Amino acid sequence: MNDPSRAACVIGWPVKHSRSPLIHKYWLERHGIAGDYRREAVAPDDFPAFLANLAAHGYVGANITLPHKEAALESSEPDARARAVGAANTLWLDHWRLRSTNTDVEGFLGNLDASAPGWDRFVRTAVVLGAGGAARAVLFGLIERRIGRIFLINRTIEKAEALRKVFGERVHPRPWSFLGDALATSALLVNATPLGMAGQPELAIDLSPLPSRAVVCDAVYVPLRTALLVQAERCDLTTADGLGMLLHQAVRAFSLFFGVTPEVTPELRALLEQDIACT
Ligand code: NAP
């Protein structure tokens, strides 16, 4: 059934940890599409040449993972999302033009919409932890949904201040010492740092200042149920996990590569949960 003339890939260095093939191959099979999705381990020095020959390698598009997301932006024609986020995670050939976007924005928004429907009707203030690539995508999404005030808390305050310059005055850079005050006035908390991920330090936060209606969202997905999400559930708060974000960011990429908009189903989620549990 595989037709190598319509194939996409994920490019990274290393890339063997990527779960994108599992997701895209599930959708290919589900939609009966003749096509393939592969991993490509490409070293940073070889990345520009690989992209320049994407079609010759047999690909109509590619997902991009670490450490190539910034280089991908520079080597392609980015849309407004990718430019604002400062990184491209999806590239596709459009009549021989290599275009790019950043689907982490809709990964974040799609996951929140599915996990906490209507969240953007009551969230006026949000807290975002971190000022890296994931935080940029989160900020883009929050501003697109017209969230009025965003406390951006980061260890290196200069990086948070730089993001205020990019995303505007709704973004309020603050140090970690301000977290308790920020939570007391916020209805959405987003962890966009690696804290709480397997092999990383814990995210030590007291969620008790959050209002009872608040939503807690974690970009980390290994482990699936992070200590942050466990605490949020104990406080009866609504949660949105990192796996949901990962699944939702793949939707538009698949549609750009294969021309069909797929769905994030419980069956697909279970497949990924099983895979993560085995790591
Ligand atoms: P990044 O660009 O390296 O940024 C990491 C951010 O976390 C920085 O702001 C950094 O602060 C902060 N940080 C790191 N270690 C810290 C520590 N020990 N204490 C306090 N702050 C710390 O990383 P990223 O690409 O944004 O990714 C962040 C997380 O999101 C990762 O776990 C990644 O796997 C996850 N993610 C998930 C998805 C998904 O689909 N679920 C998508 C994208 C990313 P400084 O500025 O001070 O260094």
Side-chain angles (χ1 to χ4, degrees), residues 10 12 14-15 17-20 22-24 63-73 81-82 84-90 101-112 114-115 127-141 150-164 166-167 171 173-179 189-205 216-229 239-254 264 268-269 272-273 275-276 279:
V10 53
V15 76
H17 64 281
S18 172
R19 288 176 170 92
S20 292
L22 202 56
I23 300 172
H24 287 265
N63 287 117
I64 309 295
T65 187
L66 296 175
H68 299 312
K69 288 185 182 183
E70 284 81 15
L73 186 79
R81 284 178 177 219
V85 173
N89 73 348
T90 303
T101 188
N102 190 304
T103 64
D104 281 339
V105 177
E106 56 256 64
F108 167 67
L109 291 176
N111 185 35
L112 260 184
S115 307
V127 181
V128 177
L129 307 176
R136 281 171 166 261
V138 167
L139 288 177
F140 189 99
I150 305 158
F151 289 120
L152 182 60
I153 292 182
N154 197 48
R155 178 176 60 181
T156 310
I157 195 71
E158 294 80 9
K159 277 202 206 166
E161 281 160 358
L163 291 194
R164 179 179 164 96
V166 176
F167 291 99
V171 176
R174 292 287 187 275
W176 275 89
S177 54
F178 187 72
L179 182 58
L189 167 66
V190 184
N191 175 35
T193 74
L195 293 171
M197 188 165 95
Q200 294 283 330
E202 271 307 323
L203 176 55
I205 288 191
V216 175
C217 178
D218 204 338
V220 171
Y221 59 89
V222 179
L224 262 178
R225 290 179 79 243
T226 60
L228 178 72
L229 296 179
T239 59
D241 66 18
L243 176 57
M245 181 172 170
L246 180 76
L247 290 165
H248 282 276
Q249 66 78 33
V251 169
R252 190 156 64 96
F254 186 89
V264 175
L268 172 60
R269 198 187 145 91
L272 271 286
E273 281 182 7
D275 188 65
I276 290 170
T279 51

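Since the structure is predicted, the reported quantities are computational estimates derived from the model, not experimental observations. All ligand and atom numbering here is 1-based and tracks the order in the structure.
- Pairing each heavy atom of L243 with each of Y221, the nearest pair is N-CB, 3.3 Å.
- Distances below 4.0 Å separate heavy atoms of M197 from the following atoms of ligand 1: 32 (O).
- Across all non-hydrogen atoms, the minimal contact from D241 to N111 is O-ND2, 2.8 Å.
- Under the 3.5 Å distance criterion, the side-chain polar atoms of D104 are left unmatched by any main-chain donor or acceptor of A134.
- Residues I205 and L179 are in side-chain contact: their nearest non-hydrogen atoms beyond the backbone lie under 4.5 Å apart.
- In this structure, atom 23 (O) of ligand 1 has its sub-4.0 angstrom surroundings free of protein heavy atoms.
- Close contacts of ligand 1 with G130, meaning ligand atoms under 4.0 Å from a residue heavy atom, involve 9 (O).
- Only the side chain of N154 comes within 4.0 Å of ligand 1, counting heavy atoms alone; its backbone N, CA, C and O stay farther away.
- Of the protein's heavy atoms, R155 NH2, 3.8 Å lies nearest to atom 15 (N) of ligand 1.
- Nearest non-hydrogen protein atom to atom 5 (C) of ligand 1 is P194 CD, 3.9 Å.
- Listed by number with element, the atoms of ligand 1 under 4.0 Å from a non-hydrogen atom of T156 are 45 (P), 46 (O), 47 (O).
- Between V220 and ligand 1, no N or O atom pair is found at a separation short of 3.5 Å.
- When every heavy atom of N63 is checked against every heavy atom of A253, the shortest pair comes out as ND2-CB, 3.5 Å.
- R269 and G244 make their closest contact through NH1-N, 3.7 Å (heavy atoms, listed as atom of the first residue, atom of the second, distance).
- Here the protein heavy atom with the shortest distance to atom 37 (C) of ligand 1 is A219 O, 3.2 Å.
- Side-chain atoms of R81 never come within 3.5 Å of backbone atoms of N102 as a donor-acceptor pair (strictly under, hydrogens ignored).
- At least one N or O atom of G133 sits closer than 3.5 Å to an N or O atom of ligand 1.
- Using a 4.0 Å cut-off to heavy atoms of Y221, the atoms of ligand 1 that qualify are 41 (N).
- Remark: atom 33 (C) of ligand 1 lies closer than 4.0 Å to no protein heavy atom.
- The single protein non-hydrogen atom nearest to atom 25 (O) of ligand 1 is A134 N, 3.9 Å, given as residue, atom name and distance.
- Contact check for L228 versus V220: no side-chain heavy atoms found under the 4.5 Å cut-off.
- Protein heavy atom closest to atom 4 (O) of ligand 1, with residue, atom name and distance, is G132 CA, 3.4 Å.
- Of the heavy atoms in A192, only backbone atoms (N, CA, C, O) come closer than 4.0 Å to ligand 1.
- Looking at heavy atoms from C-beta onward, N89 lies in side-chain contact with Q249 at the 4.5 angstrom threshold.
- Across L195 and N191, no two heavy atoms sit closer than the pair O-ND2, 3.2 Å.
- The residue L66 has no part lying near ligand 1, judged by heavy-atom distances below 4.0 Å.
- No hydrogens or angles considered: nothing links the side chains of R252 and T90 as a donor-acceptor pair under 3.5 Å.
- With a heavy-atom cut-off of 4.0 Å, M245 touches ligand 1 through backbone and side chain alike.
- Minimum interatomic distance between P223 and A198 (heavy atoms only, all atoms of both residues): CD-N, 3.8 Å.
- Among the atoms of A131, some N or O lies under 3.5 angstrom from an N or O of ligand 1.
- Using a 4.0 Å cutoff on heavy atoms, G107 does not count as a contact of ligand 1.
- Residue L243 has no nitrogen or oxygen atom sitting less than 3.5 Å from a nitrogen or oxygen atom of ligand 1, judged on distance alone.
- Not one N or O of W176 is nearer than 3.5 Å to an N or O of ligand 1, by distance alone.
- Shown in contact with K159 at under 4.0 Å from a heavy atom are these atoms of ligand 1, numbered in order with element: 45 (P), 46 (O), 48 (O).
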Full working for side-chain hydrogen bond (donor to acceptor under 3.5 Å, both in side chains) between N154 and T156: CA-CA 5 Å; N154 197 48; T156 310; 4.5 Å; no
